[in-house]
Participant: 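Below is a structure I'd like to ask you about.
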Amino acid sequence: MKKYIVFMMVLCIGCKTQFGIINTVVSESGQSIVSHNADGLTITVEPFTDDTWFRIAENSQVIDKANMVRLPKLFFFLLLIENKTETPVMIKDIVLRYDTTTTAALTTEALKLSLSSPAYEWIKVDELTVPRRLLYFNGTIQKINFAHDTIPCTLPFVPAGDSHINIIAFTWIPVNVRKFTIAVTAITPDSKKIVECNFIRNEYRTRGKHFLQ
């Protein structure tokens, strides 16, 4: 217990955004997640916060929480894919769009390269990027217990009636970009669905007049 409290204190002090800069990513309505349904396929997207990392850290297969030092400066998102249809669904693309730019999610190898610093050795990238099947879901993405409610799943599709979780990351977008979209393209045996989740990004200083948004 004492070791866990020390870990939390170090992480909170060392990993919070420095120099009085606050970063937030929320939905257009100000919510912490965005959820959309397209003909029985529900996509829920949660931008990573410190709390998201803490929750996932409870699963030691993904994160070595005893050695957490610094949070990565990348855009991480937690995707919940609920296939409530009667056919399998294949996720073809997951991209981030802003203005006229479209950026693909980082591959596992690209993410390893971005997190090659010893400061990120606590992240087990291979395990982090493997899709996971939900064994139990109470309807709230923030209450998913990664250690007990999910198992790795390498199927190239989401079976009918299943719910899967993907953790994806993108490179940092320009500071002047405020609105962006996570777009998920899903293929079924007889249709193509594109689900778009819109977000607003804020970055501002808690002191000083410059860059206050």
Side-chain angles (χ1 to χ4, degrees), residues 1-16 25-26 31-35 41-84 88-91 94 105-112 114-170 182 184 197:
M1 182 63 178
K2 185 178 295 184
K3 181 178 180 181
Y4 182 74
I5 293 174
V6 171
F7 147 71
M8 292 292 286
M9 290 176 62
V10 170
L11 187 61
C12 289
I13 294 172
C15 296
K16 291 287 186 180
V25 177
V26 295
Q31 302 301 308
S32 59
I33 64 172
V34 173
S35 185
L41 177 68
T42 300
I43 304 291
T44 302
V45 181
E46 178 192 359
F48 266 46
T49 62
D50 290 359
D51 177 68
T52 314
W53 285 110
F54 295 158
R55 285 169 15 224
I56 296 176
E58 292 304 311
N59 185 346
S60 59
Q61 295 178 342
V62 174
I63 288 175
D64 180 7
K65 68 180 182 182
N67 293 307
M68 291 178 79
V69 177
R70 182 194 308 166
L71 296 182
K73 293 182 179 180
L74 295 170
F75 268 153
F76 277 86
F77 295 87
L78 183 62
L79 269 68
L80 172 62
I81 304 163
E82 299 175 82
N83 182 10
K84 301 175 183 177
V89 172
M90 181 177 68
I91 303 303
I94 303 173
L106 293 173
T107 64
T108 299
E109 293 307 314
L111 188 55
K112 284 181 178 179
S114 296
L115 302 178
S116 59
S117 166
Y120 303 122
E121 289 182 348
W122 53 273
I123 301 176
K124 302 177 183 179
V125 178
D126 285 320
E127 289 82 353
L128 186 76
T129 55
V130 170
R132 304 184 73 83
R133 178 175 179 265
L134 264 70
L135 302 175
Y136 168 78
F137 182 50
N138 66 1
T140 304
I141 191 171
Q142 290 97 336
K143 292 186 179 180
I144 293 174
N145 184 314
F146 286 82
H148 299 101
D149 299 345
T150 72
I151 57 173
C153 181
T154 56
L155 289 174
F157 57 89
V158 181
D162 266 15
S163 296
H164 287 194
I165 277 186
N166 285 33
I167 295 175
I168 59 172
F170 298 90
I182 299 294
V184 180
C197 298

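The analysis underlying the following values was restricted to heavy atoms, covering all of them including side chains, and did not include hydrogens, waters or symmetry mates.
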Participant: Can a salt bridge be assigned to the pair Lys112 and Asp126 using a cut-off of 4.0 Å between side-chain N and carboxylate O?
Facilitator: yes
Participant: Under the side chain to side chain contact (heavy atoms under 4.5 Å, CB included) criterion, do Leu71 and Phe48 qualify, and how do the steps go?
Facilitator: CA-CA 10 Å; Leu71 296 182; Phe48 266 46; over 6 Å; no
Participant: Could you check if a side-chain atom of Leu41 sits within less than 4.5 angstrom of a side-chain atom of Ile81, using non-hydrogen atoms only?
Facilitator: yes
Participant: Rounded to the nearest 0.5 Å, how far does CD of Glu46 lie from OG1 of Thr140?
Facilitator: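 Thr140 OG1 to Glu46 CD: 11.0 Å, rounded to 0.5 Å.
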Participant: Let's go through Asn67 and Glu121 carefully: what are the C-alpha distance in whole Å and the side-chain angles of both, what is the deciding distance for side chain to side chain contact (heavy atoms under 4.5 Å, CB included) to 0.1 Å, and is it a yes or a no?
Facilitator: CA-CA 8 Å; Asn67 293 307; Glu121 289 182 348; over 6 Å; no
Participant: Looking at Gln142, is its backbone amide N or carbonyl O close enough to the side chain of Arg55 to form a donor-acceptor pair, meaning the two atoms are under 3.5 Å apart?
Facilitator: yes
Participant: Is there a side-chain contact between Ile144 and Ile141 (heavy atoms, below 4.5 Å)?
Facilitator: yes
Participant: Specify the closest pair of heavy atoms between Ala119 and Val69, including all atoms of both residues, with the distance to one decimal.
Facilitator: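 Minimum heavy-atom separation between Ala119 and Val69: O-CB, 4.0 Å.
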Participant: Taking all non-hydrogen atoms of both residues into account, name the closest pair between Leu106 and Ala110 and its distance.
Facilitator: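 So the minimum-distance heavy-atom pair works out to CD2-CB, 4.1 Å.
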Participant: Just so I know, are the side chains of Ile151 and Arg133 near enough to count as touching, which here means a heavy-atom distance under 4.5 Å?
Facilitator: yes
Participant: Check each of Phe146, Trp122, Tyr120 against Trp53 using the ring pair (Phe, Tyr, Trp, His ring centres under 6.0 Å) test, and report the only one that passes.
Facilitator: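 The single option meeting the ring pair (Phe, Tyr, Trp, His ring centres under 6.0 Å) with Trp53 is Trp122.
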Participant: Looking at CD1 of Ile123 and OG1 of Thr129, how far apart are the two atoms once the value is rounded to the nearest 0.5 Å?
Facilitator: 11.0 Å
Participant: Please name the pair of heavy atoms, one in Pro47 and one in Ser32, separated by the smallest distance, quoted to 0.1 Å.
Facilitator: CD-O, 3.2 Å
Participant: Nearest 0.5 angstrom please: Ile91 CD1 to His164 NE2, how far?
Facilitator: 10.0 Å
Participant: Taking the side chain as everything from C-beta on, heavy atoms only, tell me whether Ile182 gets closer than 4.5 Å to Phe77.
Facilitator: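 Yes. Closest side-chain heavy atoms under 4.5 Å.
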Participant: Donor-acceptor pair, distance only, cut-off 3.5 Å: does the side chain of Asn83 make one with the backbone of Asp162?
Facilitator: no
Participant: Taking the side chain as every heavy atom from C-beta outward, state whether Leu74 and Leu115 have any atom pair closer than 4.5 Å.
Facilitator: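 A side-chain contact under 4.5 Å exists here.
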Participant: In sequence, state the C-alpha distance, the side-chain angles, and the governing distance for Ile167 and Ile56, and then conclude on side chain to side chain contact (heavy atoms under 4.5 Å, CB included).
Facilitator: CA-CA 10 Å; Ile167 295 175; Ile56 296 176; 3.7 Å; yes
Participant: How many angstroms lie between SG in Cys153 and CD1 in Ile165, if you round to the nearest 0.5 Å?
Facilitator: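 Going from SG on Cys153 over to CD1 on Ile165, the span is 12.0 Å.
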Participant: Are any non-hydrogen side-chain atoms of Leu80 and Phe137 less than 4.5 angstrom apart?
Facilitator: yes
Participant: Please examine the side chains of Ile63 and Met68, heavy atoms only from C-beta on, and report whether any two atoms are closer than 4.5 Å.
Facilitator: yes
Participant: List the steps and the verdict of side chain to side chain contact (heavy atoms under 4.5 Å, CB included) for Glu82 and Thr44.
Facilitator: CA-CA 8 Å; Glu82 299 175 82; Thr44 302; 4.3 Å; yes
Participant: Less than 4.5 Å apart, any side-chain heavy atom of Lys143 and any of Asp149?
Facilitator: no
